[in-house]
Structures are given as structure tokens and as C-alpha cells.
Amino acid sequence: MTALVASPGASGYGIVAGAYNGVTFTSVSTTRLRVVLQSGQASVGLLEVRAYG
């Protein structure tokens, strides 16, 4: 099993309420993708993931 590592070059994680907050990463090559969403006091959601082959 391969170890999980954070994506390099992640942009800032926006926290503007009531708005879509985008995050971009440096391009990587992988066979798996894991998305972890954590919430403090507010709700959290995921609208879209774009993965190109």
C-alpha cells in the first residue's frame, strides 16, 4: 500500500461563507485520489472535482 501524501503547491483554502471557494494544486500523476473535508462551526461541501487522465 502506498502512503498518502498532501498535494504539492495547494493554493489557499478560501473560507468565504455563501460562496464557492476554489483550490488549485500542482499537477501530479497518481492512480488514486482522496478528498478530505473538515468543518469547524459551519457546514462543508464539495461541488466538483476535476481529474484529467
Taking every non-hydrogen atom, the tightest pair across Val44 and Gln38: CG2-O, 4.2 Å
Let me check something: any side-chain donor-acceptor pairs from residues 13-27 under 3.5 Å, sequence neighbours excluded? List them with distances.
unit_1: Asn21; atom_1: OD1; unit_2: Val16; atom_2: N; d: 3.2
unit_1: Asn21; atom_1: ND2; unit_2: Val16; atom_2: O; d: 3.1
unit_1: Asn21; atom_1: ND2; unit_2: Ala19; atom_2: O; d: 3.2
unit_1: Thr26; atom_1: OG1; unit_2: Pro8; atom_2: O; d: 3.2

With hydrophobic residues grouped by side-chain heavy-atom distances under 4.5 Å, do Leu47 and Leu33 end up in a single group? no
